[in-house]
Student: 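This is the structure I have questions about; it appears just below.
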Amino acid sequence: MRLRIIWVGKTKNEHVRALADDYLKRLTRFARCEVTELNAARATAAREGIAEEGKRIISALHSQAYVILLDVAGR
């Protein structure tokens, strides 16, 4: 199994970055892992930015991938 984490934007908080690196290190014991960081959208309208990010995320996915979306404001 291979896990691919697609992350939009760069993490500026060093504590969050350290936690993410530690978690990734722990995961690699059980599966191959890779992290892909995509640049955050620079569009002027929020909807345009979300649509642009969505297109870049979809283009980064493999055709046979099982996708799980995590959203801070999601359910």
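All figures in this text were calculated on a predicted structure; none of them were measured in a lab. Along the sequence shown, residues carry numbers from 1.
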Student: Hey, is Glu37 close enough to Arg56 for a salt bridge, meaning N to O under 4.0 Å?
Tutor: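 Salt bridge: no.
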Student: Do Arg4 side-chain atoms and Ala60 backbone N/O form a donor-acceptor pair below 3.5 Å?
Tutor: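 At least one qualifying donor-acceptor pair exists.
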Student: Between atom CG of Leu27 and atom CZ of Arg32, what is the distance when rounded to the nearest 0.5 Å?
Tutor: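 Result: 14.0 Å between the selected atoms.
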Student: Under a 4.0 Å threshold between the charged nitrogen and the carboxylate oxygen, would Asp22 count as salt-bridged to Arg26?
Tutor: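 Salt bridge between Arg26 and Asp22, a charged N being under 4.0 Å from a carboxylate O: yes.
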Student: Verify the cluster assignment for Leu69 and Val8: are they in a single hydrophobic cluster under the rule of side-chain heavy atoms below 4.5 Å apart?
Tutor: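 Different clusters.
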Student: What do the steps show when you test Ile5 against Thr36 for side-chain contact (heavy atoms from CB on, under 4.5 Å), and what is the final call?
Tutor: CA-CA 6 Å; Ile5 301 168; Thr36 302; over 6 Å; no
Student: Check whether Leu70 and Tyr66 end up in the same hydrophobic cluster, where Ile, Leu, Val, Met, Phe, Trp and Tyr are linked by side-chain heavy atoms less than 4.5 Å apart.
Tutor: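 Yes; tracing contacts between hydrophobic side chains, which count when under 4.5 Å, links both residues.
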Student: Would you give the length of the straight line joining atom CG of Leu38 to atom CD of Glu52, rounded to the nearest 0.5 angstrom?
Tutor: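 Between atom CG of Leu38 and atom CD of Glu52 there are 10.5 Å.
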